[in-house]
**Student:** 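Dumping the structure here so I can ask a few things about it.
Chain identifiers are assigned alphabetically (A, B, ...) following the order of the sequence lines, protein sequences preceding nucleic acid strands; residue numbering begins at 1 within each chain.
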There are 2 protein chains.
Amino acid sequence: MNHVKQTKRTTIYDLAALAGTSASAVSAVLNGNWKKRRISSQLAEKIMRIAEEQGYALNMQASLLRREKSHIIGMIVPKYDNRYFGSIVELFEDMARARGLFPIITCTRRDPELEVEAARTMLSYQVECLIATGATDPDRITEMCAAAGVRSLNLDLPGALAPSVISDNFAGARELTRRILKNSEQRLGKMEPLLFIGGRGSDHNTAERIRGFRAAHADLGVAVHEENILACGYAPEKAEKALDERALGANALPKGMFINSTISLEGVMRWIRRSGHLDDRSLVLGCFDWDPFVTLLGNGIEMVRQDVPGMLNKVFELIESGANKPIVIQVPPLIPEAQDA
Amino acid sequence: MNHVKQTKRTTIYDLAALAGTSASAVSAVLNGNWKKRRISSQLAEKIMRIAEEQGYALNMQASLLRREKSHIIGMIVPKYDNRYFGSIVELFEDMARARGLFPIITCTRRDPELEVEAARTMLSYQVECLIATGATDPDRITEMCAAAGVRSLNLDLPGALAPSVISDNFAGARELTRRILKNSEQRLGKMEPLLFIGGRGSDHNTAERIRGFRAAHADLGVAVHEENILACGYAPEKAEKALDERALGANALPKGMFINSTISLEGVMRWIRRSGHLDDRSLVLGCFDWDPFVTLLGNGIEMVRQDVPGMLNKVFELIESGANKPIVIQVPPLIPEAQDA
DNA sequence: CAAGCTTGCTCAATCGATGAAGCAAGAATT
DNA sequence: AATTCTTGCTTCATCGATTGAGCAAGCTTG
């Protein structure tokens, strides 16, 4: 062991000097292709022993500078505050490592400026591929990547310039809406139009879910009231405020609600609690998102769980196939067994 | 714009050729110290314009290889599946960027092998400092870092070899236990010893929380039954199973419970639901962790919320002060206003 | 035993950005 | 007019790992 307080890190040249050989041999041994380079196993063992003793760690910057491929794969993600993005990130890291890639992930807080900044930084780090998850402006990112000759993919929200993997929001929302309407009929004795709350009207997913929401109403012959579609944003406070405002309207608030994310559900639940509806079985809820505690809320809330493993499988398939055309792949979400009220 | 499908990325040499100048001048202009290097603002503007046009992106590997400091800061984190680690990661990224550092984060799933592997990789990327969050073997990581001349810090779980920033688990658990006991007295008419469930007996935090749990019982003159301390691991299934087993014991299950994390709470809630205690006010719960939905569960569950901003402030203070001694800094957790039952 | 082959290495160029040192041309000073 | 100073650049070595090319020694083969 080197007990000297070292200011410089050990390099292959240091190891070469210690082993009485050349840096070239050390490099070959340590990156595993010493058989190809016809290094004797004697020397290989000696070098590996010395490297171990010295606590040698590769300088990746130097290595990457020389090599053609970086094996770095980047992902930008809006938030870490819910199970959906959390599981995307966790599984993405896992799948990337399983393929010999080094994942770097950064959170951009749904801030378009930060997204661009993050993408630029990742390009500087020579990512081979960049996954834009739930990006506010995916096409901007695709353009930046294209300019640098780097592949990009969209996840969760689609873009027009790169392949996108998203949930089948329309079908998921239609089924969720159908279930809420059925529950509503069963519990309240009648089927009344629902409230849609949460998300941004400008984002593709919300638009598709609203389309599914309308379709399910139409399927069952129920008319949708426009004043009951509140794409007020995702934040809990926004949902809470939107409900307050809607409650002031001329018509009564619907008893059934389609909530566009667990984040918005948080605000809805706070509002319900505040307005004294908690534990009141007269409210029939459904959420396009999944969180284990929601099951436990006990209000018989229906959930749609996006198929994260399915989506990431598609993402890596696209990466491996080298596809670049701007197709949109829709992955059906999972709808767990209906909750009892 | 360069419309040719480029296989090579633009470098400062390309820009230099286009601008009719030297790579050195381009470098000076693009990294902002062209005034120091006495480049005319005319040339600077020209270079910046051309760089913009060409969509130039710095090759960080080359830049870092040359520079003395990498400005990369690494963090390893066990999971992304709860609010605590989610907010640590999100805020860490933010604070790192605010200080001009590039954060890289990786999730190690509480797997000691993966922790070591991740640390080695981060060292290869020349991190200047590595934060081991909730590591199973923090000292191993500190040793690896020390061998490479890299600073390391522990967060959430302490180590013996590097500075550690953790919650004041003892005080937090004592206060949480006190509150659960008080609630129990109020709701059930009597103060009975509680059940402790979740966490690993071998981890520092769980041990300290059990100590606080005992202290609060002692404060109020209540005896703790050993069979009611179930450090069964964090996973929901483990908590659920432990409760099943404990329920078979000779003595009745306590009505009051101290649950060591929201992850374990998930299992406890499932068990409660399964065994028919849901919405039963006879159970009095508290959780050493925070999640917005838990408030909404409506069982009047007390929570302890770890002070993530406070802890990360300490972390960056330590980094900036250059401290290296293995001290343990305890940050008092926040205990939100008591929930009504 | 000369020519060719194999084995086991070393040499040196290279990746792209950086910055100390140097140089030429003009401005200021003596 | 000769000297020094300033301005605005360029040249080149360098960071550490990688890899094609090359070379010397030993081994085969005809």
**Student:** Could you state the NZ-P distance from A:K36 to C:dG8, rounded to the nearest angstrom?
**Tutor:** 17 Å

**Student:** With a 3.5 Å cut-off and no angle check, do the side chains of A:Y56 and A:D14 form a donor-acceptor pair?
**Tutor:** no

**Student:** Could you go over nucleotides 11-14 of chain C and give all protein N or O partners under 3.5 Å, atom names and distances?
**Tutor:**
{"from": "C:dC11", "atom 1": "N4", "to": "A:S24", "atom 2": "OG", "distance (Å)": "3.0"}
{"from": "C:dT14", "atom 1": "O2", "to": "A:R66", "atom 2": "NE", "distance (Å)": "3.0"}
{"from": "C:dT14", "atom 1": "O2", "to": "A:R66", "atom 2": "NH1", "distance (Å)": "3.2"}

**Student:** Between C1' on D:dC15 and CD on B:Q126, what's the gap in Å once rounded to a whole number?
**Tutor:**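 In whole Å, D:dC15 C1' lies 10 Å from B:Q126 CD.
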
**Student:** Give the rounded distance in Å between these two atoms: CD of B:E68 and P of D:dG16.
**Tutor:** 12 Å

**Student:** So what does A:L64 touch, heavy atoms closer than 4.0 Å: a base, only the sugar-phosphate, or nothing?
**Tutor:**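 Touches nothing.
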
**Student:** Do you see a donor-acceptor pair shorter than 3.5 Å between the side chains of B:R37 and B:S24?
**Tutor:** yes

**Student:** Using whole Å, report how far CG of A:N59 lies from P of C:dG16.
**Tutor:**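 One finds 16 Å between P of C:dG16 and CG of A:N59, rounded.
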
**Student:** I need the NZ-P distance between A:K69 and D:dT19, as an integer number of Å.
**Tutor:** 14 Å

**Student:** Can you confirm if the NZ or CZ of A:R110 lies within 45° of the ring axis of A:Y234 and under 6.0 Å from the centre of its six-membered ring?
**Tutor:**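 Yes, cation above the ring, under 6.0 Å and within 45°.
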
**Student:** Among B:V165, B:V315, B:L155, exactly one meets side chain to side chain contact (heavy atoms under 4.5 Å, CB included) together with B:T133. Which residue is that?
**Tutor:** B:L155

**Student:** How long is the line joining NZ of A:K35 and P of C:dT6, in whole Å?
**Tutor:**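 Rounded to the whole Å, the gap is 19 Å.
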
**Student:** Rounding to an integer number of Å, can you tell me how far A:M60 CE sits from C:dC15 P?
**Tutor:**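 Atom CE in A:M60 sits about 21 Å away from atom P in C:dC15.
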
**Student:** Do the side-chain N and O atoms of B:S124 and B:R120 include a donor-acceptor pair separated by under 3.5 angstrom?
**Tutor:** no

**Student:** Using a 4.0 Å heavy-atom cut-off, does A:L30 contact any base of the nucleic acid, only the sugar-phosphate backbone, or nothing at all?
**Tutor:**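 Touches nothing.
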
**Student:** Distance-only check: which donor-acceptor pairs under 3.5 Å involve side-chain atoms of residues 88-97 of chain B, not counting sequence neighbours?
**Tutor:**
{"from": "B:E90", "atom 1": "OE1", "to": "A:Y80", "atom 2": "N", "distance (Å)": "3.1"}
{"from": "B:E90", "atom 1": "OE2", "to": "A:K79", "atom 2": "NZ", "distance (Å)": "2.7"}
{"from": "B:E93", "atom 1": "OE1", "to": "A:T106", "atom 2": "OG1", "distance (Å)": "3.2"}
{"from": "B:E93", "atom 1": "OE1", "to": "A:C107", "atom 2": "N", "distance (Å)": "2.7"}
{"from": "B:E93", "atom 1": "OE1", "to": "B:R97", "atom 2": "NH2", "distance (Å)": "3.3"}
{"from": "B:E93", "atom 1": "OE2", "to": "A:Y80", "atom 2": "OH", "distance (Å)": "3.0"}
{"from": "B:E93", "atom 1": "OE2", "to": "A:C107", "atom 2": "N", "distance (Å)": "3.4"}
{"from": "B:D94", "atom 1": "OD1", "to": "A:R109", "atom 2": "NE", "distance (Å)": "3.3"}
{"from": "B:R97", "atom 1": "NH1", "to": "A:T106", "atom 2": "OG1", "distance (Å)": "2.8"}
{"from": "B:R97", "atom 1": "NH2", "to": "A:C107", "atom 2": "O", "distance (Å)": "3.1"}

**Student:** Within the 3.5 Å criterion, strictly below it, is a donor on A:Q306 or A:S167 matched to an acceptor on the partner's side chain?
**Tutor:**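 Yes, a side-chain donor-acceptor pair sits under 3.5 Å.
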
**Student:** Side chain of A:I12 only, heavy atoms from C-beta on: which candidate in D:dA17, D:dC15, C:dC9 is closest?
**Tutor:** D:dA17

**Student:** With a cut-off of less than 4.0 Å, is there a side-chain N or O of B:N33 near OP1 or OP2 of C:dG19?
**Tutor:** yes

**Student:** Checking all strands, does A:S27 fall into the base, sugar-phosphate, or nothing category for heavy-atom contacts under 4.0 angstrom?
**Tutor:**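 It contacts base atoms.
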
**Student:** Rounding to an integer number of Å, can you tell me how far B:K46 NZ sits from D:dG8 P?
**Tutor:** 16 Å

**Student:** When you measure from the side chain of B:A62, which nucleotide among D:dA17, D:dT10, C:dG16 comes out closest?
**Tutor:** C:dG16

**Student:** Using heavy-atom distances to pick each residue's nearest nucleotide on DNA chain C, tell me which of B:Q61 and A:R38 is more 5'.
**Tutor:**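 The residue closer to the strand's 5' end, by nearest nucleotide, is A:R38.
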
